[in-house]
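Everything below concerns the one structure shown next.
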Amino acid sequence: MSIHDILFWVLSAVAVSCALGVILSRNPVNSVMFLILTFFAISGHYILLNAQFLAIVNIIVYAGAIMVLFLFVIMLMNLNADVEPQKGQLVQLAGVISGGVLFLVVLAAIKSTVPQYIDKTSNDIGLITNLGKVLFTKYVLPFEISSVLFLSAMIGAVVIGKKEDTHNIPKVD
């Protein structure tokens, strides 16, 4: 067994156990911390695949910015297990059925895949130049559509967050 295999299995165990910690944790702040550790383990997998750019982007964007926003929202909402409303039997049944269907879909996807092995002698797999070539040739339309979607979301956030001008509203006496 090589060092890459050992690191893969260790990172996989960390990712799966932290993902279970996200689901099973009663405290929302602990769930966010487990999610951050899961993102770090996934970044470790990216590094093993020689995709350093994706690893750094995953750490900066997800483990950094998005998780900070999650923590702020959780702390502002003051979510506690004591004040959490209890779920009804119907909601629990719907959750179990949805989870089972998702599990079956994942199993079907895994069963229908054909394993492809990476050439370990090649050093250019996962480099930013290859990512850029694929992104701007094969996936240029989805990339541009997502850019327009993000731009419209930013404009919408500015419009919603803009305060109304109260100086021009006539006062009623």
Side-chain angles (χ1 to χ4, degrees), residues 1-75 77 79-81 84 87 91-147 149-150:
M1 212 185 230
S2 70
I3 189 72
H4 284 154
D5 294 338
I6 294 170
L7 283 174
F8 171 78
W9 287 109
V10 168
L11 287 171
S12 297
V14 168
V16 169
S17 61
C18 288
L20 287 173
V22 170
I23 296 170
L24 299 176
S25 179
R26 292 260 183 213
N27 188 350
V29 175
N30 288 343
S31 290
V32 171
M33 293 302 171
F34 279 126
L35 192 58
I36 291 172
L37 289 175
T38 305
F39 285 143
F40 275 107
I42 291 172
S43 294
H45 281 105
Y46 285 145
I47 290 173
L48 287 178
L49 289 171
N50 199 23
Q52 294 86 3
F53 175 73
L54 290 178
I56 296 301
V57 167
N58 188 34
I59 290 173
I60 291 172
V61 172
Y62 289 110
I66 302 296
M67 287 300 111
V68 168
L69 289 175
F70 278 8
L71 279 174
F72 278 133
V73 167
I74 288 171
M75 290 179 183
M77 290 177 63
L79 296 175
N80 293 327
E84 182 178 334
K87 309 283 189 295
V91 173
Q92 289 178 352
L93 180 65
V96 168
I97 290 172
S98 300
V101 168
L102 178 64
F103 181 71
L104 290 175
V105 168
V106 168
L107 279 180
I110 290 172
K111 185 179 177 185
S112 67
T113 58
V114 177
Q116 296 179 350
Y117 298 102
I118 297 174
D119 182 19
K120 291 185 179 180
T121 60
S122 177
N123 290 334
D124 62 346
I125 297 173
L127 294 179
I128 189 68
T129 55
N130 295 335
L131 179 66
K133 286 178 186 175
V134 171
L135 186 63
F136 290 116
T137 56
K138 187 175 179 182
Y139 297 107
V140 70
L141 183 64
F143 180 75
E144 292 299 325
I145 290 173
S146 64
S147 300
L149 180 67
F150 287 139

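What you see below is based on every heavy atom in this structure, not just the backbone, and it leaves out hydrogens, waters and symmetry mates. Just so you know, residue 1 is the first one in the sequence shown, and it goes up from there.
With rounding to the nearest 0.5 angstrom, the NE2 atom of His4 is 10.0 Å from the CG atom of Leu49. Atom OG of Ser112 is separated from atom CG of Leu107 by 11.0 Å, given to the nearest 0.5 angstrom. Atom CD1 of residue Ile23 and atom CZ of residue Phe34 lie 11.5 Å apart, to the nearest 0.5 angstrom.
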Pair up each side-chain donor or acceptor in residues 54-62 with any protein partner under 3.5 Å, not counting sequence neighbours, and list the distances.
unit_1	atom_1	unit_2	atom_2	d
Asn58	ND2	Phe39	O	3.1
Asn58	ND2	Ser43	OG	2.8

Name each donor-acceptor pair under 3.5 Å that joins a side chain in residues 132-143 to protein atoms two or more places apart or in another chain, with its distance.
unit_1	atom_1	unit_2	atom_2	d
Thr137	OG1	Lys133	O	2.4

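In this structure, Leu48 and Leu11 approach most closely via the heavy-atom pair CD1-CD1, 3.9 Å. Contact between Ser31 and Val22 at its shortest, heavy atoms only, is OG-O, 3.1 Å. Between Val14 and Ala41, the shortest heavy-atom distance links the atoms CG1-CB, 4.0 Å.
Among pairs with a residue in residues 8-21, those fulfilling side chain to side chain donor-acceptor pair (under 3.5 Å) read Ser12-His45, at least two apart in sequence or across chains.
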